[in-house]
S.K.: 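There's a structure below that I have some questions on.
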There are 2 protein chains.
Amino acid sequence: MTQAIAALGLTPSRTHLLWELGQRGPVTQQVLATALKITPRAVTGLVDALVGSGLVTREPHPTDRRATLVTLTSRAEALVSQLKRGHEALARSLFAPMARTEFDSFARGLDGVIVRLRTHLAATALESQRAKP
Amino acid sequence: MTQAIAALGLTPSRTHLLWELGQRGPVTQQVLATALKITPRAVTGLVDALVGSGLVTREPHPTDRRATLVTLTSRAEALVSQLKRGHEALARSLFAPMARTEFDSFARGLDGVIVRLRTHLAATALESQRAKP
DNA sequence: CCCGGATGGTTACCATTCTTCACTATAGAG
DNA sequence: CTCTATAGTGAAGAATGGTAACCATCCGGG
């Protein structure tokens, strides 16, 4: 993905933000911070850069004067839909050759692994929290 | 992995370098650059930091006076084997619950996906090379 | 109504990772 | 012995992300 992204003159993080914005429509930077799993401070920098590139605008929030709504420009919307098409094409070329039953059991296996990984991460996160205070 | 790594007072990149060094034994920085898929210049910085932490030493290459051999200290070796144990334990907890046949077909499916992904990457890499000159 | 705590965003500062370009020193082929 | 390729580094900078301090605004309980 990084290759295709760089070809469009974007960095991975900025693209990730555009992608989320494409999924959710205009949202506050807090929402973006949560979606991207970064701090609100980091969102500020990414939005600054994208505003500078004319891919995003900051609009005032209609009811909360503290917040800003980040919105895709039409240029960015075209770009995001191009990314989405590329993503779907890649996914198809990776998984289409698998037989249906083969794909299903593969997906089930992967689901199990992910569940166990999440469990493990939650457990170790609790441990480090207990180690701090 | 990043969590477990930080708990040992290491950064991800530096740990990756130690890991590779653990797999290969003493090697030149060129070899490390290739293994880590970064430029030789970046290796210099990582090795500098690890020398500062007493985890690695720079030894002169026996036959090539331009090159240096990067070597793990005993402290780093203990640390790497601890990482390896953690890695194996995690892998077991993720995959052990799968039945043998289930695991086999999962692994086969994953292999296929990876092969197709590599093919795709190679193709797009050629495209961007053709676009440059 | 208003006061105090919570929330949204930003300024300032720093660490990490990695890159490109220029340069030195050594190897090795012809 | 010269010419080129290779190993490593200095300088400068881009991108990503974090913490701490701070301001403006929101909102609920007195």
Side-chain angles (χ1 to χ4, degrees), chain A residues 1-3 5-21 24 26-53 55-71 125 128-129 132-133, chain B residues 1-3 5-21 24 26-53 55-71 128 132-133:
Chain A
M1 301 251 71
T2 306
Q3 291 182 358
I5 283 165
L8 299 174
L10 283 170
T11 63
S13 294
R14 308 219 244 270
T15 309
H16 192 180
L17 194 153
L18 292 181
W19 182 274
E20 289 293 335
L21 224 40
R24 297 158 190 263
V27 290
T28 66
Q29 299 188 184
Q30 288 293 336
V31 171
L32 286 174
T34 306
L36 302 176
K37 298 189 202 304
I38 59 180
T39 60
R41 180 57 184 90
V43 175
T44 300
L46 295 176
V47 172
D48 284 351
L50 290 168
V51 168
S53 307
L55 292 170
V56 136
T57 58
R58 272 193 250 246
E59 312 284 353
H61 190 286
T63 68
D64 187 338
R65 273 186 299 169
R66 298 168 302 174
T68 64
L69 287 180
V70 185
T71 310
S128 20
Q129 270 189 19
K132 274 223 170 174
Chain B
M1 301 251 70
T2 307
Q3 292 181 359
I5 283 165
L8 299 173
L10 283 170
T11 63
S13 294
R14 307 216 244 272
T15 309
H16 192 180
L17 194 153
L18 291 181
W19 181 273
E20 289 295 334
L21 224 40
R24 296 158 191 263
V27 290
T28 66
Q29 298 188 185
Q30 288 293 337
V31 172
L32 286 174
T34 305
L36 302 175
K37 299 189 201 304
I38 60 180
T39 60
R41 183 60 184 87
V43 174
T44 300
L46 295 176
V47 172
D48 284 351
L50 289 169
V51 168
S53 307
L55 292 171
V56 135
T57 57
R58 271 194 251 247
E59 312 284 352
H61 190 287
T63 68
D64 187 338
R65 274 187 298 168
R66 297 168 302 175
T68 63
L69 287 180
V70 185
T71 310
S128 21
K132 275 223 169 174

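Please read these numbers as outputs of a predicted model, since none were measured by experiment. All chains are named by letter (A, B, ...) in the order of the sequence lines, taking the proteins before the strands, and each is independently numbered beginning at 1.
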S.K.: Base, backbone or nothing for each nucleotide of nucleotides 9-17 of chain D, written B, S, -, heavy atoms under 4.0 angstrom, 5' to 3'?
M.R.: BBB---SSS
S.K.: Reading nucleotides 25-30 of chain C 5' to 3', which nucleotides get B (base under 4.0 Å from a protein heavy atom), which S (sugar-phosphate only), which -?
M.R.: BBS---
S.K.: For a side chain to side chain contact (heavy atoms under 4.5 Å, CB included) check, start with the C-alpha distance between A/V56 and A/T71, then their side-chain angles and the critical distance, and finish with the verdict.
M.R.: CA-CA 5 Å; A/V56 136; A/T71 310; over 6 Å; no
S.K.: Let's go through B/R58 and B/Q29 carefully: what are the C-alpha distance in whole Å and the side-chain angles of both, what is the deciding distance for side chain to side chain contact (heavy atoms under 4.5 Å, CB included) to 0.1 Å, and is it a yes or a no?
M.R.: CA-CA 10 Å; B/R58 271 194 251 247; B/Q29 298 188 185; 2.6 Å; yes
S.K.: Please give, in whole Å, the distance from C/dC18 C1' to B/L32 CG?
M.R.: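 So the CG-C1' distance, B/L32 to C/dC18, works out to 16 Å.
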S.K.: Please report the C-alpha distance between A/V47 and A/T68 in whole Å, then the side-chain angles of each, then the deciding distance to 0.1 Å, and finally whether the side chain to side chain contact (heavy atoms under 4.5 Å, CB included) criterion is met.
M.R.: CA-CA 11 Å; A/V47 172; A/T68 64; over 6 Å; no
S.K.: Using atom types as modelled, flag every donor-acceptor pair under 3.5 Å from a side chain in residues 11-20 of chain A to any protein atom, sequence neighbours excluded.
M.R.:
{"from": "A/T15", "atom 1": "OG1", "to": "A/T11", "atom 2": "O", "distance (Å)": "2.7"}
{"from": "A/E20", "atom 1": "OE1", "to": "A/R24", "atom 2": "NE", "distance (Å)": "2.8"}
{"from": "A/E20", "atom 1": "OE1", "to": "A/R24", "atom 2": "NH2", "distance (Å)": "3.2"}

S.K.: Compare all side-chain heavy atoms of A/V31 with those of A/T28 and state whether any distance is below 4.5 angstrom.
M.R.: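 Yes, their side chains come closer than 4.5 Å.
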S.K.: Carefully, step by step, assess A/V27 and A/V70 under the rule side chain to side chain contact (heavy atoms under 4.5 Å, CB included).
M.R.: CA-CA 6 Å; A/V27 290; A/V70 185; 5.6 Å; no
S.K.: Taking all non-hydrogen atoms of both residues, which atom of B/T39 and which atom of B/A33 are closest, and how far apart?
M.R.: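 Nearest heavy atoms, B/T39 then B/A33: C-CB, 4.0 Å.
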S.K.: Specify the closest pair of heavy atoms between B/L69 and B/P62, including all atoms of both residues, with the distance to one decimal.
M.R.: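 Result for this residue pair: CD1-CD, 3.8 Å.
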S.K.: Expressed as a whole number of angstroms, how long is the span from A/L69:CG to C/dG8:P?
M.R.: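 After rounding, the gap between these two atoms is 12 Å.
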